[in-house]
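Single-structure report; data block below.
Letters A, B, ... mirror the listed sequences (proteins, then strands); counts begin at 1.
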2 protein chains.
Amino acid sequence: MSNNQFKRGELYSVINGIASTAVARRLQKNFRNAGLEITIEQWSILYHLWKEDGLSQQELCMCTFRDKASITRLIDNIERLGLVERIASKDDRRVNLVYLTDAAKPLQEATYNLANQTMNEALQGISKEEIEIVKSVFQRVYENSK
Amino acid sequence: MSNNQFKRGELYSVINGIASTAVARRLQKNFRNAGLEITIEQWSILYHLWKEDGLSQQELCMCTFRDKASITRLIDNIERLGLVERIASKDDRRVNLVYLTDAAKPLQEATYNLANQTMNEALQGISKEEIEIVKSVFQRVYENSK
DNA sequence: TTATAATAGTTGCATAACTAACTATATGTC
DNA sequence: GACATATAGTTAGTTATGCAACTATTATAA
């Protein structure tokens, strides 16, 4: 990245996710500075498991908008860190359910706080109405493009 | 990716670039379907060279929001495709200037058309006022986070 | 019930991203 | 002019992404 200007005139930059990438990188940096040795992609998995533990890989595909190969390897890495484990479903032997381990617990509060703080910084000076419009526009852009 | 729902309530999804990613993937698919064998990342380099040929790698870093290692390898790949060439600057021997080759010319119109079409589809049903708000918000998010 | 299709997950291959360490050239200061 | 510093670009190592081909299991339909 670096010393750059976000060109106001260019919708290209917006759609291309320049701002999103900047926020993501900032969050990653904040994790690192706090001594949290996980990537934001790994965190996005943990985030959903903290909301509901024991999701299948397929369900994680859907709630993180990734394909199944990406989830396979993300889970591989998070499992290697000892933060989750795969447990085969009894109902359907094709399915792996992904469960948090005790080692993941201490991460929850710290990462939530950093994520909230990062988001608040990112949204400084932006009104609730503007945020609602952005959400609504991106909802439609997503529906138009998926 | 796949069969998913963009959750209206989650700013997380917006900031995380879910919609941007969907648009990017759609554009990549449209390139592929048209028989254009370049990635959208490679295209983002060509896009800036078509606007101004002979940019340095450093300048390409800035206008595509990537770091220099990423640019080195993107140019490696585009050069391997025969679409650009590096020419050492006479003024500063540290600098490589990147020039389009004749082989890149036929791609310009086709990719512009596909990009415009993809963008128009993505923005269907979204007003100019909304687009302006989104641009303005993302400008501020970027400034807050870079 | 048996053949076919669909689904969950894994693996191989290619591209791309970031960080950090490195080389080579320019600049700036004493 | 000499030494320290900054800049442009490359390379190595790790993570992540997408697509396509594959295995194993389950569901459907003849």
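In this structure, NZ of B:Lys90 is placed 18 Å from P of C:dT25, rounded to the nearest angstrom. The separation between B:Ile40 atom CD1 and D:dC19 atom P is 11 Å, rounded to whole Å. Going from atom CG of A:Leu60 over to atom P of C:dT10 covers 12 Å, rounded to whole Å. We find that CZ of A:Arg26 is positioned 17 Å from C1' of C:dT19, with the value rounded to whole Å. Rounded to whole Å, atom P of C:dG9 lies 16 Å from atom CZ of A:Arg66. What separates CD1 of A:Ile71 from P of C:dT10 is a distance of 11 Å, to the nearest Å. If you measure from atom CZ of A:Phe65 to atom C1' of D:dA16, you get 18 Å, rounded to the nearest angstrom. The distance from atom CD1 of B:Ile78 to atom C1' of C:dA16 is 12 Å, rounded to the nearest whole Å.
Between B:Ala69 and B:Arg80, the residue anchored closer to the 5' end of DNA chain C is B:Arg80, taking for each the nucleotide with the nearest heavy atom. Of the residues near DNA chain D, A:Gln42 and A:Arg93, the one whose nearest nucleotide (by heavy atom distance) lies more toward the 5' end is A:Gln42. Both B:Arg32 and B:Arg73 lie close to DNA chain D; mapped to their nearest nucleotides by heavy-atom distance, the more 5′-ward contact belongs to B:Arg73.
OP1 or OP2 of D:dA16 has at least one side-chain nitrogen or oxygen of A:Thr39 nearer than 4.0 Å.
Listed by chain and number, the residues in a side chain to side chain donor-acceptor pair (under 3.5 Å) with A:Asn144 amount to none (sequence neighbours excluded). A:Arg94 is linked by a side chain to side chain donor-acceptor pair (under 3.5 Å) to A:Asp92, counting only residues two or more places apart in sequence or in another chain. A:Ala110 pairs by the side-chain contact (heavy atoms from CB on, under 4.5 Å) definition with A:Leu36, not counting sequence neighbours.
Within the structure, salt bridge (charged side-chain N to carboxylate O under 4.0 Å, His left out) contacts touching residues 30-39 of chain B (residues at least two apart or in different chains) do not occur. Pairs of residues two or more places apart, or lying in two chains, that qualify as salt bridge (charged side-chain N to carboxylate O under 4.0 Å, His left out) and include a residue from residues 121-132 of chain B are A:Arg140-B:Glu130, B:Arg26-B:Glu121, B:Glu132-B:Lys135.
B:Asn77 comes within 4.0 angstrom of the backbone, heavy atoms only, and of no base. At the heavy-atom level, A:Leu74 lies under 4.0 Å from the strands shown only through sugar-phosphate atoms.
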Hey, what are the protein-to-nucleotides 3-9 of chain D N/O distances that come in under 3.5 Å?
residue: D:dT7; atom: O2; partner: B:Arg94; partner atom: NH1; Å: 2.9
residue: D:dG9; atom: OP1; partner: B:Gln57; partner atom: N; Å: 3.3
residue: D:dG9; atom: OP1; partner: B:Asn96; partner atom: N; Å: 2.9
residue: D:dG9; atom: OP1; partner: B:Asn96; partner atom: O; Å: 3.1
residue: D:dG9; atom: OP2; partner: B:Gln58; partner atom: N; Å: 2.6
residue: D:dG9; atom: O3'; partner: B:Asn96; partner atom: ND2; Å: 3.2
residue: D:dG9; atom: N7; partner: B:Lys68; partner atom: NZ; Å: 3.1
residue: D:dG9; atom: O6; partner: B:Lys68; partner atom: NZ; Å: 3.0

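By the 30° and 60° cut-offs, the orientation of the rings of B:Phe138 relative to A:Phe138 is parallel.
The closest side-chain heavy-atom distance from B:Arg66 to B:Glu41 is below 4.5 Å.
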